[in-house]
Amino acid sequence: MLDRCLERIGGASTIKDVTGKIVAFGQGLSGLFVNDEVVKGSLASYAFEQMEIASYKILMAAAEHAGDQETKRVCDAILQQELTMALWLDEHAATITRSFSNAIGKE
């Protein structure tokens, strides 16, 4: 949906490109602190969702400033999905970690 908005206005998303690079860097750093893939994946997913939330809020502000209500509407719709996913990850992180720890303890 966002690609169609960008095509419509003839632009590219530098913000999204930079965000992707930051998230990749953050995922690499997370390996320094967590050595198991399940917990590291949960951490990376949560961090990614937070970056997406920030990105869509920034894109919405830029679209509003430019008077592009369609792009703002699209970004808001996507933002709601990202907020829902971040909330789910937040609510389930402890359970996922405990389940993984219990499984490791039984090996």
* How long is the gap from CE on Met60 to OG1 on Thr71, to the nearest 0.5 Å? -> 11.0 Å
* To do: Please identify each residue that fulfils side chain to side chain contact (heavy atoms under 4.5 Å, CB included) with Ser99, with sequence neighbours left out.
  => Thr95
* Could you give all pairs that pass the salt bridge (Lys or Arg N to Asp or Glu O under 4.0 Å) test and reach residues 54-64, with sequence neighbours left out? -> Glu64-Lys72
* When rounded to the nearest 0.5 angstrom, what is the spacing between CG in Asn102 and OG1 in Thr97? -> 10.5 Å
* Structure fact -> Nearest heavy-atom contact between Tyr46 and Ala86 is CE1-O, 3.6 Å
* To do: Mind checking the OG-CG spacing from Ser45 to Leu89? Nearest 0.5 Å is all I need.
  => 5.5 Å
* Asp76: partners by side chain to side chain donor-acceptor pair (under 3.5 Å), with sequence neighbours left out -> Gln80
* **Partner residues of Leu87 under the side chain to side chain contact (heavy atoms under 4.5 Å, CB included) criterion, sequence neighbours left out** => Glu91
* If you measure from CG on Asp90 to CE on Met85, what distance do you get to the nearest 0.5 Å? -> 13.0 Å
